[in-house]
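For ligands, and for the atoms within them, numbers begin at 1 and follow the listed sequence. Positions are given from 1 along the sequence.
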Amino acid sequence: MEDSFLGFDEKNWLNLRKDLKKIVGDTAYNNWLKQLTFLSVKDQTISFSVPTKFLRDWVVNNYADKIKNQCKNYIKNIEAIKFVVKPVGGRVVPGTARTIKNTDNQWKRSLDIRSNQSPSSNEFGAPLDPRFTFDNFVVGKPNELAFAASQRVAESEDVTFNPLFLYGGVGLGKTHLMHAIGWKIKEKSPDRKVIYLSAEKFMYQFVRALRYKDTSAFKEQFRSIDILMIDDVQFISGKDNTQEEFFHTFNALIEQNRQIVISADKSPSDLDGVQERLKSRLGCGLVADIHPTTYELRLGILIEKAQKRGVEIPSKVLEFLSYRIVSNVREMEGALNRLVAHATLVGTSITVETAQVVLQDLLKSNNRKITIEEIQKKVAEHFNIRLTDMHSPRRSRSVARPRQIAMYLAKSITSRSLPEIGRKFGGRDHTTVMHAVKKIEELKQEDNNFNEDIELLKRLIDS
Ligand code: ADP
Ligand code: MG
């Protein structure tokens, strides 16, 4: 100890520790405060060290005030208390100081959020979302392989394919399936240790371990894992150190016959900035892709979600949403929530019209995908007429009806105005378009076959 301790000495420190032990109890003391080491008193600041950053945050968050108050019993004019990280047998790690001043609550509060999880819960993995179970997952053509493979991994006692690699676009259910695997395993065999985390978090933990020269502890965390799931591995592309570590962890676990589940937005071979050997390693188990949703799947998901929320939503509205929100399931769920919230707040019933108003922005951004030209092309193909007939002045029924259908579809699928649609159909007047829309709506009402034909076309255009 240095000499500028304002009278605070070894004996005081011993007494201070005894006081703290009395205040917080033996268990908490042994868990958290025992590893506290007194460093110095300088400029009315008393400094302590702890061996890890995690411990520092925990102590700061939960015990700083108690420690400070006790210190005041020994050093009257104490203004601040400082904690630095100093691994056992190592030096103080630069940049790890956390200082709490007498008047300073703000910084402490910012830490509360992070340190609030119980330290005994596995710090390494992330918690599983209770909504993401197999029961809540709607299966359709686009995701049936991924679903079946995930179930297999969760149900079977031995490792059949390793790793299971799930890939697909944003919001198509990758994370949902991984959590579902986790829940199922926990339910079936509570003793098996399941770790789920994002590749980002994996990277963060690894970088942190590197910084505190604690990579052995990092590796240790994996030793006892039965199933490791890492979400969104595209995040480690280009991060060479992390890839290296990931690769080793991966190999070690595979060699010990532990199950690994990986997700990404691309197939292993398409992952840019990932080392070749890691790519081939990732692809050596089962690679299951999730395709973009179809109309049927979207409708199925919406029906399920509406049921779960216990709200009555007209099937017309659900169909409308399934047609119009094609980007991903997350967005569709968001749309449903907004509709329900709006209806509850305003006290109106949910109709296609309110959906159009409430979800204007969402519908717009989903619109860009389908153009009037595409509609014209699909309709022309369907009725076996020439594309140019969409713009031609010909009025024979064999081309006029398909043209009207294309106009109707343009109106119901895109957000183009009547005059805009008219222009795309050989410069026709908006009243012509309006007439076409009315006519087709009538026919749909009258003739079920016709109605089904139109629905089929909608789906064709949509896919
Ligand atoms: P990803 O990880 O692929 O980006 P998520 O798993 O986070 O997508 O899914 C986004 C949202 O959509 C979640 O709320 C999820 O529950 C829901 N979801 C996606 N696919 C389905 C499905 N087939 N059945 C039910 N819900 C789904
Ligand atoms: Mg995800």
Item to check | Parallel, tilted or perpendicular, as decided by the 30° and 60° cut-offs, for the rings of Phe137 and His176 | outcome: perpendicular
Checklist entry - Looking only at atom types and distance, does a side-chain atom of Gln243 sit under 3.5 Å from a main-chain N or O of Gln275, one as donor and one as acceptor? => result yes
Checklist outcome for this item: Protein N/O/S atoms closer than 2.8 Å to the Mg ion (ligand 2), ordered by chain and number, come to Thr175 OG1
Item to check | Cation-aromatic face contact Lys458/Tyr323, 6.0 Å, 45 degrees | outcome: yes
Item to check | Candidates Arg403, Lys438, Lys444 - the one meeting side-chain hydrogen bond (donor to acceptor under 3.5 Å, both in side chains) with Tyr408 | outcome: Lys444
Item to check | Phe383 six-ring face occupied by Arg401 cation (under 6.0 Å, within 45°) | outcome: no
Next on the checklist: Using 30° and 60° as the class boundaries, would you call the ring planes of Tyr196 and His179 parallel, tilted or perpendicular?
Outcome noted: perpendicular
Checklist entry - Are Glu245 and Met203 close enough that some pair of their side-chain heavy atoms sits under 4.5 Å apart? => result no
Next on the checklist: What does the 4.0 Å heavy-atom contact list look like for ligand 1?
Outcome noted: Phe132, Asn136, Phe137, Val138, Asn143, Gly169, Val170, Gly171, Leu172, Gly173, Lys174, Thr175, His176, Ile301, Lys305, Val329, Arg330, Glu333
Would you mind writing out the side-chain donor-acceptor pairs for residues 144-152 within the sub-3.5 Å range, not counting sequence neighbours?
from   : atom 1 : to     : atom 2 : distance (Å)
Glu144 : OE2    : Lys141 : NZ     : 3.3
Ser150 : OG     : Ala146 : O      : 2.7

Next on the checklist: Glu333: which residues meet the side-chain hydrogen bond (donor to acceptor under 3.5 Å, both in side chains) condition with it, sequence neighbours left out?
Outcome noted: Lys305
